[in-house]
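Following: one structure in structure tokens, then a few remarks.
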Amino acid sequence: MRVLALDIGEVRVGIAVSDASETLAMPVKVLPFQEVYTHARTFRRVLEDYEPDLLVCGLPRTLAGDVGAQAQKLMEQAQTIARACNLDVTFVDERLSSAQAKRILREQGYSEKQMRGHIDMIAASLFLQAWLDERRGRSCH
């Protein structure tokens, strides 16, 4: 099964994908939010290239772990995207994934300006990897 992860922001959506064995998450690209939300050709091409079986979307919980208004709006957007793709969607806590992505890119020598187009897809790959690891850990026991 191949899993597609979306880090949905107001402006951009970071996209990552798992390998077919659900072991490794890889960053794919960042697309404008509207292209993903309206199922534009650029997003359809990603779906055709990777043929995912499931969408995993990051859920921006509050630091207390609650689902706030922003997370509620994102869940509705993700459901709309999933219906257009004819895929099921699940949500994963994405707290701190963007901060972790920034740290990784900074360590690799990216400037703030260079990071802009990469943070969202790195964040998507980070929370997808955590989801894959947790899922694999549950199935091993």
Show me the donor-acceptor pairs within less than 3.5 Å that the side chains of residues 22-30 make with the rest of the protein, sequence neighbours left out.
unit_1	atom_1	unit_2	atom_2	d
Glu22	OE1	Arg135	NE	3.0
Glu22	OE1	Arg135	NH2	3.4
Thr23	OG1	Ser21	O	3.4
Thr23	OG1	Ser21	OG	2.8

Approximate separation, where rounding is to 0.5 Å, of Gln100 CD and Leu126 CG: 4.5 Å
Listed pairs under 3.5 Å, donor-acceptor, residues 40-58 side chains, sequence neighbours left out:
unit_1	atom_1	unit_2	atom_2	d
Thr42	OG1	Glu35	OE1	2.4
Arg44	NH1	His39	O	2.8
Asp53	OD2	Arg2	N	2.8

For Arg106, all residues meeting salt bridge (charged side-chain N to carboxylate O under 4.0 Å, His left out), sequence neighbours excluded: Glu112
Common cluster, Leu6/Val17, ILVMFWY with side-chain heavy-atom separation under 4.5 Å: yes
Nearest heavy atoms of Ala124 and Gly14, plus distance in Å: CB-O, 3.7 Å
Transitive ILVMFWY side-chain link Met75 to Ile15, under 4.5 Å: yes
Taking every non-hydrogen atom, the tightest pair across Ala123 and Ala101: N-CB, 3.8 Å
CD (Gln114) with more than 12 external heavy atoms under 6.0 Å: yes
From CD1 (Ile8) to CG (Leu59), nearest 0.5 Å: 10.0 Å
Partner residues of Gln34 under the side-chain contact (heavy atoms from CB on, under 4.5 Å) criterion, sequence neighbours left out: Thr38
Co-membership, hydrophobic cluster, residues Met121 and Leu31, 4.5 Å side-chain: no
Glu10, CD: over 12 other non-hydrogen atoms inside 6.0 angstrom: no
Joint hydrophobic cluster, Ile122 plus Val11, side-chain heavy atoms closer than 4.5 Å: no
Spatial distance of atom CD (Glu94) from atom CG (Leu74) [nearest 0.5 Å]: 7.0 Å
Residue pairs passing the ring-ring contact (aromatic ring centres under 6.0 Å, His included) test where at least one lies in residues 92-111, sequence neighbours excluded: Tyr110-His118
Shortest non-hydrogen contact from Ser18 toward Leu128: N-CD2, 3.7 Å
Inter-residue atom distance Trp131.CH2 - Asp93.CG, 0.5 Å rounding: 15.0 Å
Those residues that, when tested against Asp19, pass salt bridge (charged side-chain N to carboxylate O under 4.0 Å, His left out) (two or more places apart): none
Any donor-acceptor N/O pair, Ser125 side chain to Ala16 backbone, under 3.5 Å: no
CG-CD1 distance between Leu87 and Ile81, expressed to the nearest 0.5 angstrom: 11.0 Å
Spacing of OG1 belonging to Thr80 relative to CD belonging to Glu76, to within rounding of 0.5 Å: 7.5 Å
Linked, directly or transitively: Val36 and Phe91 (ILVMFWY side chains, under 4.5 Å): yes
